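Everything below concerns the one structure shown next.
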Amino acid sequence: MLSEPRAGRLAAWGNALFAGLVSPDDAVLAVVGGDAVHRVAGLPGESAPVGLTLALGRLRSLGATGLRVALPAPGHPLGLSGPPEFNARALEAEEAVVCHGAAFGLVPEVHEAGPEGDVHVEVVWRCLAVREAPPADVPSLGEAERELAEALREATEVLTRLDVAGSGPVARAAVDAYRARAEAGRGMLAPGYPPRAVRVLELAQRVGALIALAGASGHGGAVSASEMAARGEALRPVERTARRAQVAAYNSVVEERERGAR
């Protein structure tokens, strides 16, 4: 979770484009990021993959008024609404984008080519039919912020008690490095998102940093099997909370628009 999901970039900048806050060129540049190219396959009316500019325009003409993010994990179909084929593909990719206002979703297929040190990444977004229904288990921004604050305390306490290296200075340094990259380049969200969404996403990244570094630190100081099991058990709900908060942040502009339309 130290890196921004591609689904998050596509949804955030796609929403900014739909709202007229950025140009198509700026939106596509932000979505592609450090990848070589992004294309969309399976788009209605197209027999071959097309570029993001055409794809976003076509989805809008088909009725899409916004884009939501899904970050599912085994046993947790976060942000999904079906059908099973789309859910299965999204679960395999661990991320997806779901259109609001049109029954389509996009799942990334990532392809890498080239020698080590010079790898080029190409992404094909597979366009599939989705069920028009409320997304699964997505909290409001307020709920996500409250849950995250508690999750951060719990994660820090558990990892410190188990003497996991990732809970101390290493984790803080990694979080600082992530924030520095975000500030040096683009912001964490596209134009049009409320400050609270930015705050929630940043906190979710901090919680994610603790989880990722704890997992990468091997056994740390938790020398017994029981301690390792305790660490895993403690981190599972924390990771779930962080993913839910990320989805809430990315989806906030669509949710706000829905509330305003009621």
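All values reported here derive from a predicted model rather than from experimental measurement.
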Does the pair L59 and L106 meet the rule for a side-chain contact (heavy atoms from CB on, under 4.5 Å), with working shown? CA-CA 11 Å; L59 289 171; L106 303 169; 4.0 Å; yes

- Less than 4.5 Å apart, any side-chain heavy atom of R243 and any of E239? yes

Contacts satisfying salt bridge (Lys or Arg N to Asp or Glu O under 4.0 Å) that involve residues 63-87 (not counting sequence neighbours) are R68-E255, R68-E258, E85-R89

**Message:** Using side-chain heavy atoms (C-beta onward) and a distance below 4.5 Å, is F104 in contact with L128?
**Reply:** no

Q.
For the backbone of H100 and the side chain of T65, can you confirm whether one donor and one acceptor N or O come within less than 3.5 Å of each other?
A. yes

Output for pair (L189 CG, R199 CZ), nearest 0.5 Å, gives 12.5 Å

Note, H120 side chain near D118 side chain (heavy atom, < 4.5 Å) | yes

Rounded to the nearest 0.5 angstrom, the CG-CD distance for N87 and E92 is 13.0 Å

- Task: Answer yes or no: is there a donor N or O on one side and an acceptor on the other, between the side chain of N15 and the main chain of G66, under 3.5 Å?
- Result: no

So CZ of R126 and CD of E109: to nearest 0.5 Å the spacing works out to 4.5 Å

When every non-hydrogen atom of L56 is compared with those of F18, the smallest separation belongs to O-CE2, 3.7 Å

Checklist entry - Between the main-chain N or O of P134 and the side-chain N or O of S81, is there a donor-acceptor pair closer than 3.5 Å? => result no

| query | Is there a donor-acceptor pair closer than 3.5 Å between any side-chain N or O of E145 and the backbone N or O of V200? | reply | no

For residues 54-66, the salt bridge (Lys or Arg N to Asp or Glu O under 4.0 Å) pairs (sequence neighbours left out) are E46-R58

Could you check Y193 against E256 for side-chain hydrogen bond (donor to acceptor under 3.5 Å, both in side chains), going step by step and ending with a plain yes or no?
-> CA-CA 10 Å; Y193 277 83; E256 285 191 354; over 6 Å; no

Contacts of R146 meeting salt bridge (Lys or Arg N to Asp or Glu O under 4.0 Å) (sequence neighbours excluded), chain-then-number -> none

Q.
Quick check: do P72 and E94 have side-chain heavy atoms less than 4.5 Å from each other?
A. no

List, one per line, each side-chain donor-acceptor pair under 3.5 Å for residues 24-41, sequence neighbours excluded.
| residue | atom | partner | partner atom | Å |
| --- | --- | --- | --- | --- |
| D26 | OD2 | S23 | OG | 3.3 |
| D35 | OD1 | R6 | NH2 | 3.1 |
| D35 | OD2 | R6 | NE | 2.8 |
| D35 | OD2 | H38 | NE2 | 2.7 |
| H38 | ND1 | W125 | NE1 | 3.0 |

Contacts of E150 meeting side-chain hydrogen bond (donor to acceptor under 3.5 Å, both in side chains) (sequence neighbours excluded), chain-then-number -> R153

Heavy-atom closest pair (P83 atom, V130 atom, distance to 0.1 Å) is CD-CA, 3.6 Å

Heavy-atom closest pair (L71 atom, P5 atom, distance to 0.1 Å) is CD2-CB, 4.2 Å

Sorted by chain and residue number, the side-chain hydrogen bond (donor to acceptor under 3.5 Å, both in side chains) partners of D137 (sequence neighbours excluded) come out as H76, R244

Rounded to the nearest 0.5 angstrom, the CG-CG distance for L91 and L78 is 11.5 Å

